[in-house]
Amino acid sequence: QVQLVESGGGLVQPGGSLRLSCAASGSIASINAMGWYRQAPGKQRVLVAAFTSSGSTIYASAVKGRFTISRDNAKNTVYLQMNNLKPEDTAVYYCNQRIVRWGQTWADDYWGQGTQVTVSS
């Protein structure tokens with residue numbers, strides 16, 4: 001089994017910062033990709049930032065220059081540093097990791113439980 005556990009959400013004032021973490025545990029042979037998505041009320045889940053399978057990073061235009069994705073491969077953990085937060089960043093944030101389990105030759109997508117980020121004064 002594989003489990004993703006997120007932490008770090010909360011309430012912050014506009015202009016503030018938060019750091020999200022997402023740690024994967026279980027029968028993990030390799031991780032092909034890691035990323036963060038968000039879903040605002042009444043809207044679809046959208047990509048925020050990600051490491052692709054080639055190791056490059058991609059960012060949504062709305063967060064470029066304010067958010068930074070990073071990772072610790074030894075800990076199977078991906079982070080999202082969010083600076084200069086705006087009310088429109090309010091959403092539930094989900095991490096995603098594309099993981100190959102021991103004994104498998106393919107990767108499956110796993111999701112964290114979601115963490116609420118609220119930006120409000």
Side-chain angles (χ1 to χ4, degrees):
Q1 297 288 355
V2 172
Q3 185 178 18
L4 270 58
V5 177
E6 298 181 31
S7 61
L11 173 65
V12 64
Q13 293 186 341
S17 297
L18 284 174
R19 190 192 193 209
L20 306 183
S21 300
C22 172
S25 62
S27 179
I28 299 169
S30 64
I31 301 177
N32 291 357
M34 295 173 158
W36 290 94
Y37 292 72
R38 68 186 182 187
Q39 187 168 18
K43 296 188 177 181
Q44 289 187 326
R45 190 176 300 187
V46 296
L47 175 70
V48 176
F51 287 103
T52 68
S53 57
S54 64
S56 59
T57 55
I58 54 176
Y59 291 94
S61 58
V63 307
K64 202 170 291 186
R66 300 187 296 121
F67 290 12
T68 302
I69 189 171
S70 62
R71 63 188 175 186
D72 184 333
N73 291 332
K75 296 181 179 179
N76 294 332
T77 299
V78 60
Y79 305 96
L80 186 68
Q81 178 66 42
M82 305 184 293
N83 297 330
N84 190 22
L85 282 159
K86 303 176 180 180
E88 51 263 42
D89 294 318
T90 295
V92 178
Y93 284 71
Y94 297 90
C95 72
N96 168 270
Q97 296 195 30
R98 188 160 294 168
I99 294 171
V100 179
R101 295 175 58 188
W102 288 111
Q104 289 183 179
T105 57
W106 66 92
D108 290 315
D109 278 320
Y110 293 88
W111 293 88
Q113 79 277 14
T115 186
Q116 177 70 46
V117 171
T118 302
V119 185
S120 175
S121 55

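Hydrogens, waters and symmetry mates are skipped; everything else that's a heavy atom, side chains included, is used. Here the structure is a predicted model, which is why all the values come from computation and not from measurement.
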Per the side-chain contact (heavy atoms from CB on, under 4.5 Å) rule, which among [options] passes with [X]?
X: Gln97; options: Thr77, Ile28, Ile31; value: Ile31
X: Tyr79; options: Asp72, Ile69, Leu20; value: Asp72
X: Val63; options: Val48, Asn84, Thr68; value: Val48

Go through Gln39 and Val46 one step at a time and tell me if the side chain to side chain contact (heavy atoms under 4.5 Å, CB included) criterion holds. CA-CA 6 Å; Gln39 187 168 18; Val46 296; over 6 Å; no

Would Leu80 and Tyr94 show up in the same hydrophobic cluster when neighbours are defined by side-chain heavy atoms closer than 4.5 Å?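 No, Leu80 and Tyr94 fall in different hydrophobic clusters.
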
Do [X] and [Y] have side chains that get closer than 4.5 Å, going by heavy atoms?
X: Arg101; Y: Val2; value: yes
X: Gln81; Y: Phe67; value: no
X: Asn32; Y: Val100; value: yes
X: Val12; Y: Ser17; value: no
X: Tyr93; Y: Gln116; value: no
X: Thr115; Y: Val92; value: no
X: Pro87; Y: Pro14; value: yes
X: Arg66; Y: Lys86; value: yes

Ser54-Thr52 side chain donor-acceptor pair, cut-off 3.5 Å: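 Their side chains do contain a donor-acceptor pair, which is all the 3.5 Å distance test asks for.
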
Could you check whether any side-chain N or O of Gln113 sits under 3.5 Å from a backbone N or O of Glu6, counting only pairs where one atom can act as donor and the other as acceptor?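 Between the backbone of Glu6 and the side chain of Gln113 there is a qualifying donor-acceptor contact (under 3.5 Å).
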
Examine distances only and state if a side-chain atom of Thr90 and a backbone atom of Val119 form a donor-acceptor pair shorter than 3.5 Å.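 Yes.
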
Geometric cation-pi criterion, Arg71 with Phe51: 6.0 Å, 45°: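 Checked: cation-pi criterion met.
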
[atom1]-[atom2] distance between [X] and [Y], expressed to the nearest 0.5 angstrom:
X: Cys22; Y: Tyr110; atom1: SG; atom2: OH; value: 13.0 Å
X: Ser120; Y: Asp89; atom1: OG; atom2: CG; value: 12.5 Å
X: Lys75; Y: Ser25; atom1: NZ; atom2: OG; value: 14.0 Å
X: Met82; Y: Arg38; atom1: CE; atom2: CZ; value: 9.0 Å

Determine, using ring centers only, whether Trp111 and Tyr37 are less than 6.0 Å apart.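 Yes, close enough.
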
Step by step, work out the side chain to side chain contact (heavy atoms under 4.5 Å, CB included) result for Leu4 and Ile99. CA-CA 11 Å; Leu4 270 58; Ile99 294 171; 4.1 Å; yes

Determine, step by step, whether Trp36 and Val78 satisfy the side chain to side chain contact (heavy atoms under 4.5 Å, CB included) criterion, reporting the C-alpha distance in whole Å, the side-chain angles of both residues, the deciding distance to 0.1 Å, and the verdict. CA-CA 9 Å; Trp36 290 94; Val78 60; 3.7 Å; yes

Can you tell me if CD on Glu88 sees more than 12 non-hydrogen neighbours from other groups inside 6.0 Å?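 Buried by this count: over 12 neighbours within 6.0 Å.
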
Mind listing the closest non-hydrogen atom pair of Asn76 and Met34 along with its distance?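 Reported closest heavy-atom pair: C-CE, 4.1 Å.
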
Write out all pairs satisfying salt bridge (charged side-chain N to carboxylate O under 4.0 Å, His left out) with one or both partners inside residues 44-58, taking only residues at least two apart or from two chains.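 Every pair satisfying salt bridge (charged side-chain N to carboxylate O under 4.0 Å, His left out) with a residue in residues 44-58: there are none.
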
